[in-house]
There are 2 protein chains.
Amino acid sequence: MKIGELSRATGTNIETIRYYERIGLLPAPDRTAANYRSYGDAHRSRLSFVRHSRDLGFTIEEIRSLLDLSDDPARDCGEADRIATAHLEQVQAKIAQLTLLRDELARIVGRCRGGVAADCRVIEALGDHRHCESPH
Amino acid sequence: MKIGELSRATGTNIETIRYYERIGLLPAPDRTAANYRSYGDAHRSRLSFVRHSRDLGFTIEEIRSLLDLSDDPARDCGEADRIATAHLEQVQAKIAQLTLLRDELARIVGRCRGGVAADCRVIEALGDHRHCESPH
DNA sequence: TATGCACCCTGTAGCAACTACAGGGTCAAG
DNA sequence: CTTGACCCTGTAGTTGCTACAGGGTGCATA
Ligand SMILES: [Zn+2]
Ligand SMILES: [Zn+2]
Ligand SMILES: [Zn+2]
Ligand SMILES: [Zn+2]
């Protein structure tokens, strides 16, 4: 499989595939006589793993650890669980933070009654956190 | 006010203040004889506006537009409202996306029963989106 | 045979919004 | 007169890509 085919098979940008190789996330594949990268099924499933994990919001470093783990099938999977749980907690924290933000923004946006910038409650609210009702 | 004092007054990193000046978000202040930046109240409140808007998740470019608007108090404030509303919608979209993610991650994490990596349901789920119940 | 076109290669630079030095200058206190 | 806190400029690093520039390869068609 050449890089374009792998790209289509996994929905990954070609430049991104080369980038993953450069940072050591994907192993360098064999080359054809014309120096084209030549991938097999193992590459495809590894890249799918990476893409899916990225879609789920894991960082490259987390994915690196997860791949190390799955490359070594006899190891205890506790670390995978720890990484995934920590990530879940981060997502929950982010949701909580964005929810505060959303409420505050909704309050701010709701204050605008039109008119000139000098009288705008939105601009006023942005300039001074003391107008806020939440910490954010 | 020297830069360290402005930094403390607004809770902004000194490097960040200089960065904002470099990108034209804050006007270059006067200098002392020793070539130190010397700020006044106008700088302080402009920087507070920037920091607060950043805390609320606005991008630098959005903040630039908002500052332009508030620099020109006779202008209609409709654009401020549009920027803030668009931003609110983005935050809402992000929350929705993260909520899907959170649910999917919770399902994945919940599957791990311990054991070796080869049998780990977490690693399996990360490798294949077909195990997912939501699109994310 | 030429030539067009799709595809591949490397290497580098750009994005957002900072942050972190390196390598220097200034100033007041002890 | 030296120590330490502060300030300066300029550059490079961070994350996770993405976008070229400037070239090579391979196959079909005129
Ligand atoms: Zn308004
Ligand atoms: Zn606030
Ligand atoms: Zn497990
Ligand atoms: Zn999935």
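Between Ile23(B) atom CD1 and dG14(C) atom C1' there is a gap of 16 Å when expressed in whole angstrom units. Rounded to a whole Å, the CE atom of Met1(B) is 16 Å from the C1' atom of dC7(D).
Evaluation of atom-type donor-acceptor distances gives no pair under 3.5 Å for the side chain of Tyr36(A) against the base of dG26(D).
Ile3(A) comes within 4.0 angstrom of the backbone, heavy atoms only, and of no base. As judged by a 4.0 angstrom heavy-atom cut-off over every strand, Ile14(B) is placed among residues touching the sugar-phosphate backbone only.
Between Arg37(A) and the phosphate of dC9(C), there is a side-chain N or O to OP1/OP2 separation shorter than 4.0 Å.
Classification of Glu21(B) and Arg37(B) as a salt-bridged pair holds, one side-chain N sitting under 4.0 Å from a carboxylate O.
A donor-acceptor pair shorter than 3.5 Å cannot be found between the side chains of Arg46(B) and Tyr20(B).
At distances below 3.5 Å, not a single donor-acceptor pair connects side-chain atoms of Thr12(B) with backbone N or O atoms of Arg8(B). Between the side chain of Glu79(B) and the main chain of Leu69(B), no donor-acceptor pair closer than 3.5 Å is present. A donor-acceptor pair under 3.5 Å links the side-chain atoms of Thr85(B) to the main chain of Asp81(B), judged by distance alone. Under a 3.5 Å cut-off, the side chain of His87(B) and the backbone N or O of Leu56(B) do form a donor-acceptor pair.
Between His52(B) and His136(A), the distance from one ring center to the other falls under 6.0 angstrom.
Rounded to 10°, the angle separating the first-five-pair axis and the last-five-pair axis of the helix from dT1(C)-dA30(D) to dG30(C)-dC1(D) equals 30°.
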Find every protein N or O atom lying less than 3.5 Å from an N or O atom of nucleotides 17-22 of chain C, and list the pairs.
residue : atom : partner  : partner atom : Å
dA17(C) : OP2  : Ile60(B) : N            : 3.4
dA17(C) : O3'  : Arg54(B) : NH2          : 3.3
dC18(C) : OP1  : Arg51(B) : NH1          : 3.3
dC18(C) : OP2  : Tyr20(B) : OH           : 2.8
dC18(C) : OP2  : Arg54(B) : NE           : 2.6
dT19(C) : OP2  : Thr16(B) : OG1          : 3.0
dA20(C) : N7   : Glu15(B) : OE2          : 3.3
dC21(C) : N4   : Glu15(B) : OE1          : 3.3

